[in-house]
Amino acid sequence: MLDPRATAIVIRGTTNGLVEDKTPQITAFEPRHDRAVVWFGTSGPYRYGWDRVTVLHSPRPVRFGPHDRVFVDGSPTDAVEAYIFAGPPETGSWWHVLTRAGTWHAYRDDQVQVRTALSPASRDVLGYWRTVAGKHTDDAGVLLQRNYQSLEFIHPDSALARLLENTPIEPKPDERAPIPLYPFRTNISQSEAVNNALRYPISVIEGPPGTGKTQTILNIIASVICTPDATVGVVSFSNSAVENVVEKLTRERFGMVAANLGNYVKRQEFFAAQPQRNAEVDALIRAGRGQETDAAAQLVTVNRRLTDLQKQDRLRAEVRAQLHAYRLEQRHFQSYFDDREVPDADNLPLLTRYSARKLLDFIADTDPRWIRDSGVGRAIDVMNRYFRYRALRHVDADDIDVVLRIQRLYYEKKIAELERRVEQLDTALAARGFDELMAEQASLSRRLLRDSLFERYRAMNRTVYDSRYRKRFDRFTRDYPLIMSTCHSLQNSIGPSALLDYLIIDEASQVDLVTVAPALACARTVIVVGDLAQLPPVTKDFHGLPPAPDPVFDYRNSVLASIIERYGDRVPRRLLREHYRCDPDIIEFCNRKFYRGDLIPYTSSTPGINAMSLVRTVPGNHMRRTHSDDDPRSKARSNEREIDVIRHEVIPWLEGEFAPHEIGVTTPYRRQADKAADALIAAIEADTVHKFQGREKDAIIMTTVLDDTDSGRAGLKFADDPKLINVAVSRAMRQFVLVTHPSELPGSRHLRDLFGYVRYRDRRHGVIDSDLVSIFDLLYTELNERRRAHPMIGWGRTQWPSEDIALATLEEVLAQTGRDHLAVHCQVYLQNVFPRDLAPLDAELRKFVRDRSSFDFVFYNRITNEFVGAVEVDGFRTHEADPDQQRRDRKKDEICRRYDLRLLRLATTGSGEAARIRRFLDGLPGA
């Protein structure tokens, strides 16, 4: 057998002149004086004249290290050895490559490259990330570690290599970039973002809430899959974002291009749905191509005509936003004006011919702060005003009432001018057929996309894939050019050593670098979509971890933040400015606070709905913290009073406008979210702000939880996070309600801005003081002397002040008409309430009864001496915050259940106790 390390046999074809190295297949070679005799495996001999055979010796071994890889025709191989045989010009040089499987392959010199993926500095970063991945011990961490184990080699053309090596971001040649399509409609910002995504190897799309991130992603996908053999992947922080893309593609009947391969369940669903999907492809083929017109040329023409109209449409939205803001300012000014009772003046009608701008100039020019107070300068100022404002020469600019009348006229004029401007733009856009052109752009794009898919699938047979699809991944991606996955699973969703052409990372502000790096290694081009003004990744703090080799690559950074920090102004970056989700008053807070006024709302207010409200609980410190070694959420904060206000006051008024599933309750704290979910009907979703990111509801209620205690002020560092507040507010499409402490948390910075903004919007109706009180509020007031002097409570009748208060309330309710046959006892042993036969109880519960356990209060019938119900007063520290007491409470509840004795629990953090006691008594059998 020939040794491919020492010899190469090159044979030239007779008919086509091709030269091929046959060495790997030759098992025996016998040179003779007139010809060469060759055996291939067990077949042969085959005889070739020496004019067709060249024998090459003395190869040069190729040295490559562990970070190098042999590429053949641009694809990496698993080569472990390689040799170059230098040949004459007629045969050229040849490579012999030995793979890890022990097989030899021969390639022409122009087919082969040896490439080094990473510099030492980049390998240090990768090693740091691998260390971080090893710190994760949960299921996701195991998958993450497996991903890093397979990152032995990073393809030099991958987005990960580009990011680590800080490779310049150069545009692709026009002929290599896909043609942008907009089947899902578009605007100026989105079109620019799509163009960047298609032309540059790395691009950033900053998508504030409601600006059409998903729509932009869909248009990028459509543009890519119209290019033959091009592939695109979509990954995200959450499965819901990926599902949203698939759902909208399916709705437009393009879902056939997508393979949703995120996890095992998703893959099984995908495999099972292939027959139905293939039927959809067949239906597409039967429908045939669209009309025989040049849709591409028509689309270019429509795009050109739309560019100017979209600018006018954006201007119209900006003018409408200004109009909305001026009307709000006018309402505030008019309220102030009315309070002063400013008299009318005869000379002001002369001013009606002035524009709003000139009125504003007069107010500014006559401001005493800007007038020179003496000498020639003052005379010049007076003369200039005389010639510039002749109609105002008799107006006393020092008279504040006169200035106020001019200001009122300014608002009237300015609003009228803006209204006329909106009408002019409406007329101009309608006359030029703006809406029709937008619809035509989307229609032509859909036609081009559908025709492209027709050509793609007409040439293919329908195939049903199974779990071995990765072995023929090229064929698979021709069938399914769109791969949907999670960051964790993408690497295992594509073929070995395969590179997708494009990768879109949605919700990139929430995706940390360690999680996303293996996905970045799977694609040549990356489009990062996210918002730095929203919540960053939630990462763990690992003790003893060395610092990152470069702060840009710290594991706590999001991929969005790192790319922006790495490249700065060199990365193509587009902010989506047009906003389509929230009421203008809701998004305007976020716009002013977090987006520097860059957003342009395209929405309008809903008549009759107050977009933003602030509800303040009654005075008192109602926040509680859970301290429990058994609870992983130890020291978690909650506020029952704010939940009660939401349940009994806020929800009833919202239900007049919104269905329960359209209402969401959010909070910074996990424990508060869980309690709210337990207290509200299932259709009203309650969750943390972090979990609500990327979602929306018609109405959002936010509970801040905190109070004015030291503990409450300590919690501000977390709850006053500007990114958290931005996410919470922007989840609301039509109404946002903030439930908080009556002090409005003066130690806050960003929440305080939110309180002030709500108050500014509607001074009279925007701030509401709750009427919901509790008998136990007396326990938490700072006015201790006043509390002690309360005339209805006999202090000291029980062991605890909370039980003194409860006893007074129980007696007050029993004194009402119709309940004179009932009475109440304090601290009654369970042994005295239940029969001596404890057979219904197990040994543990029987012991609990005999250990002198007692009820705080028991109702009994004074006529029959029968016990009819029991009451427990649950102080927070002695019940909810005490795991041992919670276990005792559960035992007591179970005993009452087995003996069918009704039990009422009154938490000292609750409210509305008198009404609850009355309902409890009304429901007692025999009471």
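Basis for what follows: all heavy atoms, side chains included, without hydrogens, waters or symmetry-related copies.
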Have [X] and [Y] got a donor and an acceptor in their side chains that come within less than 3.5 Å?
| X | Y | answer |
| --- | --- | --- |
| Asp585 | His324 | yes |
| Ser743 | His741 | yes |
| Gln672 | Thr703 | yes |
| Arg624 | Ser638 | no |
| Gln693 | Gln510 | yes |
| Ser605 | Asp583 | yes |
| Tyr595 | Asn726 | yes |
| Arg596 | Asn591 | no |
| Ser509 | Gln534 | no |

So does [Y] get a backbone contact from the side chain of [X], meaning a donor-acceptor N/O pair under 3.5 Å?
| X | Y | value |
| --- | --- | --- |
| Gln312 | Leu425 | no |
| Lys691 | Thr666 | no |
| Glu913 | Ser911 | yes |
| Arg761 | Ser613 | no |
| Arg734 | Thr606 | no |
| Arg314 | Ile188 | no |
| Asp720 | Ser748 | no |
| Glu662 | Ala659 | yes |
| His765 | Asn610 | no |
| Lys723 | Leu532 | yes |

Step-by-step side-chain contact (heavy atoms from CB on, under 4.5 Å) determination, Met612 to Leu754: CA-CA 10 Å; Met612 300 193 80; Leu754 178 55; 3.9 Å; yes
Using a 4.5 Å cut-off on heavy atoms from C-beta on, say whether the side chain of [Y] contacts that of [X].
| X | Y | result |
| --- | --- | --- |
| Arg616 | Glu744 | yes |
| Asp698 | Ile663 | no |
| Ser711 | Leu706 | no |
| Pro742 | Thr617 | yes |
| Leu309 | Leu429 | yes |
| Val615 | Val737 | yes |
| Asp874 | Thr908 | no |
| Lys697 | Phe658 | no |

Aromatic ring pairing Tyr580/Tyr602, orientation class (parallel under 30°, perpendicular over 60°, tilted between): tilted
Phe589/Phe736 aromatic ring centres below 6.0 Å: no
Derivation of the side chain to side chain donor-acceptor pair (under 3.5 Å) call for Thr211 and Arg581: CA-CA 7 Å; Thr211 53; Arg581 177 196 293 165; over 6 Å; no
Nearest heavy-atom neighbours spanning Ile700 and Ala728: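 The pair with the smallest heavy-atom distance is CG2-O, 3.9 Å.
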Check ion pair Arg421-Glu417 (N to O, under 4.0 angstrom): no
Charged tip of Arg695 within 45° of Phe692 ring normal and under 6.0 Å: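 Pair Arg695/Phe692 counts as cation-pi.
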